[in-house]
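The structure displayed is predicted, hence computed values, not measured ones.
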Amino acid sequence: MFYVFSDDGITIIQPRECEIRRQIKPSERILTSYEEMCRQTEGDPDQLCLWSSAINVREKYIFVSQPNQNRVLIIDIPMQKVKQTIQVDPYPAKLLYDKSHDQVWILSWGDINKSHPSLQVISEASTGEGLHIIRTDFKDVDDLFIPPTNLIINHIRFGFIFNKSKPLIHKIDLETVTEIKTISLKNTSCIPMNMAYSHLGGYYFVQCKANNSLTTLSQVIIDSVTDTIIGVNGDITGTPYVSSDGRFLVSTDAVNGQIRVQTITFQGEIKLIYDLQTNLQISDVTFQSSFTESNQYYIYAASHLQTDVLFVELSSGRVDMLKNLKDPVAQKNWPWNEKNRIIKDSGLFGQYILTPAKDSLFLINGRQSVLHCEVSGIRRGNTVVWVGEV
């Protein structure tokens, strides 16, 4: 099932039949406190929900942040009900789940202008009982990166913190929630924006911006064993995305519309295989395992502004478009990150892909790369979690 968090509450969708299995309305009561799920703002006739981020915790719970209510809701997946709330620092904007240590990391902004950012950690998150929240001492946090687990790497020891407009990355020990070292990017003038990790070669790829932010800089490559900077990734700019087997690196530059695809060999060699010029400003990318060739992928990419979704078959370079999937949520109505139109897969071997428009959702059949269906009447459903077998 896809859990979609929108202005209208929570919609649980079974993609094969495009069926809405359950709709949790904003006025529905929370089990433990009996409060309403989303409070009504004074002077607003509509009772709307506001969400910023959601994560799946071991197929047992979904944790989702409500920035204007300074709290995180916990949804019980088997029951399909909102179980409880946890009060957190004001304006929670991003949640990350560290599966290796069963911890949920919460980045709060303090207010909409990010003036008092803070990081908190909920330990033993999958127990769902008597949850403790730890406040960390990290200052001026702009973003946090925790490499995802996959079929090969199932234990992640380190996370990485970016500061606002500083050319450095803080490496942190996830278990002890402490800083281990600072990696300086001063020599490359790189202010980190995003990161991706490939276990092939053990590389971190860092998307950079310059201080005056108009210049786009090449990505920086960091060696994960020594934490030293290997160099820049040629002239590759933009946001890095790595396939779950670590073999493909896709970089999308929203400014110039370029999509560059590189392969990483088992020896750690990085080779450019495709350089695609598009007129799409890419908002988000997801990988889909090929159903016909082993170890191959398709990518699907959604746009910040346009109504089309791009499809690329990585084995052949074949490019296609799924057209007219309606306008995305406007960036001004999506302050939480740059991904004002997400694109979400259905797990490692799933065949359905979901992308929201402003007032509806589109499901794509990845096996045939065709539009599967549209579910209308769901406003700003840009926070989505896939739940596999429970």
_Contacts of Asp327 that satisfy salt bridge (Lys or Arg N to Asp or Glu O under 4.0 Å) - sequence neighbours left out_ = none
_Applying side chain to side chain donor-acceptor pair (under 3.5 Å) to Asp223 and Thr228, what does each step give before you reach the verdict?_
CA-CA 5 Å; Asp223 180 317; Thr228 50; 5.0 Å; no
*Decide yes or no on side chain to side chain contact (heavy atoms under 4.5 Å, CB included) for Ser283 and Ser303, but give the supporting numbers first.*
CA-CA 5 Å; Ser283 164; Ser303 166; 5.8 Å; no
*Do Met1 and Ile62 sit in the same hydrophobic cluster, where Ile, Leu, Val, Met, Phe, Trp and Tyr count as joined when their side-chain heavy atoms come under 4.5 Å apart?*
yes
*Under 30°, 30 to 60°, or over 60°: which ring-plane class applies to Phe5 and Trp51, parallel, tilted or perpendicular?*
perpendicular
*Any chance CD of Glu293 has more than 12 other-residue heavy atoms, nucleotides or ligands included, within less than 6.0 Å?*
yes
*Quick one: are the ring centres of Phe248 and Tyr241 less than 6.0 Å apart?*
no
*Fit a plane to each ring of His155 and His101, take the angle between them on a 0 to 90° scale, and name the class: parallel (under 30°), tilted (30 to 60°) or perpendicular (over 60°).*
perpendicular
*So, Lys326 side chain and Ala357 main chain: donor-acceptor pair closer than 3.5 Å or not?*
no
*Please identify each residue that fulfils ring pair (Phe, Tyr, Trp, His ring centres under 6.0 Å) with Phe158, with sequence neighbours left out.*
none
Pairs under 3.5 angstrom only: tabulate donor-acceptor contacts from the side chains of residues 264-273 to other protein residues two or more places apart or in another chain.
residue, atom, partner, partner atom, Å
Thr265, OG1, Gln267, N, 3.3
Thr265, OG1, Gly268, N, 3.3
Thr265, OG1, Glu269, N, 3.0

_Atom CZ of Arg135 with >12 non-hydrogen neighbours under 6.0 angstrom_ = no
_Taking side chain to side chain donor-acceptor pair (under 3.5 Å) as the definition, give me every residue that meets it alongside Thr307, ordered by chain and number, with sequence neighbours left out._
none
*By ring pair (Phe, Tyr, Trp, His ring centres under 6.0 Å), which residues pair with His170, not counting sequence neighbours?*
none
*If you group Ile, Leu, Val, Met, Phe, Trp and Tyr whenever their side-chain heavy atoms sit less than 4.5 Å apart, what else falls in with Leu151?*
Leu348, Phe349
*Test Val319 against Leu276 for side chain to side chain contact (heavy atoms under 4.5 Å, CB included), laying out the working first.*
CA-CA 9 Å; Val319 176; Leu276 307 170; 4.0 Å; yes
*Taking the side chain as every heavy atom from C-beta outward, state whether Leu31 and Met79 have any atom pair closer than 4.5 Å.*
yes
*asked:* Per the side-chain hydrogen bond (donor to acceptor under 3.5 Å, both in side chains) rule, what does the pair list look like for residues 328-337, sequence neighbours excluded?
replied: Trp334-Asn337
_Distance check, rounded to the nearest 0.5 Å: Leu107 atom CG versus Leu119 atom CG?_
5.5 Å
*Rounded to the nearest 0.5 Å, what separation is found between the CD atom of Gln351 and the CD1 atom of Ile364?*
12.5 Å
*asked:* I need the minimum non-hydrogen distance between Asn56 and Trp386, along with the two atoms involved.
replied: ND2-O, 3.1 Å
*Honestly curious: do Ile77 and Ile74 fall in one hydrophobic cluster under the side-chain, below-4.5 Å linking rule?*
no
_Could you work out, with ring pair (Phe, Tyr, Trp, His ring centres under 6.0 Å) as the rule, every residue matching His304, not counting sequence neighbours?_
none
*Sorted by first residue and then second, give each side-chain hydrogen bond (donor to acceptor under 3.5 Å, both in side chains) pair with at least one member in residues 187-202; sequence neighbours left out.*
Asn194-Gln207
*Check side chain to side chain contact (heavy atoms under 4.5 Å, CB included) between Gln368 and all other residues, then give those that pass, not counting sequence neighbours.*
Asn365, Val370
*Identify the two heavy atoms, one from Ile156 and one from Pro147, that lie closest to each other, and give their separation to 0.1 Å.*
CG1-O, 3.5 Å
*Listed by chain and number, what are the side chain to side chain donor-acceptor pair (under 3.5 Å) partners of Arg157, not counting sequence neighbours?*
none
_Contacts of Arg341 that satisfy salt bridge (Lys or Arg N to Asp or Glu O under 4.0 Å) - sequence neighbours left out_ = none
